[in-house]
Amino acid sequence: MRAVTGSEIEPGDVVVIRNEGPAGGPGMREMLAVTAALVGEGLGEEVALLTDGRFSGATHGLMAGHVAPESVRGGPIGLVRDGERITFDVQGRRLDIDLSDEELAQRARAYRPPDRPYPGAALAKYAKLVGSASLGAVTR
């Protein structure tokens with residue numbers, strides 16, 4: 001949000017919001033505030049957003065949410081870095097990062113999820129037990 005309201009986002013950028021999926025959030029937080037801010041900054045049709053969080057029906061523009069596996073569980077959006085090219089192939093239903101398979105594998109081996117302070121034991125337990133968004137984000 002700071003990058004959007006601080007005019008750091010430019011037309012053609014892909015905004016990546018990670019660690020907001022079922023385990024990372026925990027609970028798949030809503031991304032409407034960021035998408036609304038992009039629209040408010042006049043970037044709604046110029047910027048794409050990619051997240052393991054979720055969108056409501058009010059979101060519009062080029063957005064991909066519920067990305068799985070989520071970043072906190074080693075998913076690819078946790079491996080991308082500022083300035084790297086991300087390609088949305090809407091018809092092919094693909095997202096690609098312009099990196100070699102070897103580079104992605106090396107980053108995946110080095111990846112460590114961020115420490116997340118949970119305000120209580122219930123959320124910590126939920127984050128540990130919740131499954132992928134692609135499988136309904138239910139607990140085991």
Side-chain angles (χ1 to χ4, degrees):
M1 183 62 89
R2 284 189 303 270
V4 175
T5 59
S7 301
E8 295 175 41
I9 308 300
E10 299 177 6
D13 283 350
V14 176
V15 176
V16 177
I17 300 176
R18 52 186 150 222
N19 302 315
E20 295 295 342
M28 294 191 77
R29 290 183 268 209
E30 168 63 53
M31 299 290 112
L32 183 58
V34 176
T35 59
L38 286 167
V39 170
E41 293 291 322
L43 296 168
E45 302 299 322
E46 306 291 331
V47 170
L49 191 137
L50 177 61
T51 183
D52 49 14
R54 68 179 174 85
F55 297 118
S56 69
T59 298
H60 71 278
L62 185 52
M63 311 289 168
H66 301 219
V67 172
E70 65 179 287
S71 56
V72 77
R73 298 254 169 94
I77 67 169
L79 308 178
V80 69
R81 297 178 184 157
D82 284 347
E84 293 177 336
R85 184 179 207 75
I86 298 173
T87 302
F88 279 67
D89 178 354
V90 176
Q91 289 181 327
R93 300 179 57 85
R94 290 184 52 91
L95 292 167
D96 292 302
I97 303 169
D98 191 16
L99 296 171
S100 69
D101 290 341
E102 294 80 22
E103 177 66 20
L104 281 172
Q106 182 180 28
R107 289 184 188 183
R109 285 190 300 273
Y111 177 79
R112 300 294 174 265
D115 289 332
R116 300 295 290 234
Y118 299 107
L123 283 179
K125 181 178 179 181
Y126 174 82
K128 181 178 180 179
L129 298 177
V130 70
S132 173
S134 66
L135 300 173
V138 296
T139 56
R140 301 180 288 247

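It should be emphasised that the depicted structure is a prediction, and the values quoted were computed from it without experimental measurement.
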Item to check | Verify same cluster id: Phe55, Val39 (apolar side-chain graph, 4.5 Å) | outcome: no
Item to check | Pair listing, side-chain hydrogen bond (donor to acceptor under 3.5 Å, both in side chains) test, anchored in residues 77-89, at least two apart | outcome: Glu84-Arg107
Checklist outcome for this item: Residue set satisfying side chain to side chain contact (heavy atoms under 4.5 Å, CB included) with Asn19, at least two apart, ordered chain then number -> Ser71, Val72, Tyr111, Pro114, Arg116
Next on the checklist: So which atom in Asp52 and which in Glu70 form the shortest heavy-atom distance, rounded to 0.1 Å?
Outcome noted: OD2-CB, 3.4 Å
Item to check | Shortest non-hydrogen contact from Met1 toward Ala37 | outcome: SD-CB, 3.7 Å
Checklist entry - Taking only residues two or more places apart in sequence, or in another chain, which ones meet Asp101 in a side chain to side chain contact (heavy atoms under 4.5 Å, CB included)? => result none
Checklist entry - Hey, any chance Val15 and Ile77 share a hydrophobic cluster, counting ILVMFWY side chains that come within less than 4.5 Å of each other, even indirectly? => result no
Checklist entry - Does Ile17 share a hydrophobic cluster with Val4, counting links as ILVMFWY side-chain heavy atoms below 4.5 Å and allowing steps through other members? => result yes
Checklist entry - Do Met63 and Val14 belong to the same hydrophobic cluster, where Ile, Leu, Val, Met, Phe, Trp and Tyr are linked whenever their side-chain heavy atoms lie under 4.5 Å apart, directly or via other members? => result no
Checklist outcome for this item: When rounded to the nearest 0.5 Å, the distance separating CG of Leu49 from CG of Leu38 is 6.5 Å
Next on the checklist: Checking Arg2 now: which residues fulfil salt bridge (Lys or Arg N to Asp or Glu O under 4.0 Å) with it, not counting sequence neighbours?
Outcome noted: none
Item to check | Audit row: Val90, Leu62, side chain to side chain contact (heavy atoms under 4.5 Å, CB included) steps and yes/no | outcome: CA-CA 9 Å; Val90 176; Leu62 185 52; 4.0 Å; yes
Item to check | For Pro69, all residues meeting side chain to side chain contact (heavy atoms under 4.5 Å, CB included), sequence neighbours excluded | outcome: Pro76
Checklist entry - Applying side-chain hydrogen bond (donor to acceptor under 3.5 Å, both in side chains), which residue pairs with at least one partner in residues 130-140 are found, sequence neighbours left out? => result Ser132-Ser134
Checklist outcome for this item: Cluster membership besides Tyr126, Ile/Leu/Val/Met/Phe/Trp/Tyr side chains within less than 4.5 angstrom, sorted by chain and number, is Val130
Checklist entry - Which residues satisfy the side chain to side chain contact (heavy atoms under 4.5 Å, CB included) test with Ala108, sequence neighbours excluded? => result Leu79
Next on the checklist: Quick test of your reading: applying salt bridge (Lys or Arg N to Asp or Glu O under 4.0 Å), list the pairs with at least one residue in residues 120-137, sequence neighbours left out, ordered by first then second residue.
Outcome noted: none
Checklist entry - Same cluster for Leu95 and Ile97 if Ile/Leu/Val/Met/Phe/Trp/Tyr side chains link at under 4.5 Å? => result yes
Checklist outcome for this item: Contacts satisfying side-chain hydrogen bond (donor to acceptor under 3.5 Å, both in side chains) that involve residues 36-51 (not counting sequence neighbours) are none
Validation: residues 21-31 side-chain donor-acceptor distances under 3.5 Å, sequence neighbours left out:
| residue | atom | partner | partner atom | Å |
| --- | --- | --- | --- | --- |
| Arg29 | NE | Glu20 | OE1 | 2.6 |
| Arg29 | NH2 | Glu20 | OE1 | 3.2 |
| Arg29 | NH2 | Gly25 | O | 2.7 |
| Glu30 | OE1 | Arg54 | NH1 | 3.0 |
| Glu30 | OE1 | Ser56 | N | 3.1 |
| Glu30 | OE2 | Leu32 | N | 2.8 |
| Glu30 | OE2 | Ser56 | N | 3.3 |

Checklist entry - Does some side-chain heavy atom of Asp13 sit less than 4.5 Å from a side-chain heavy atom of Glu8? => result no
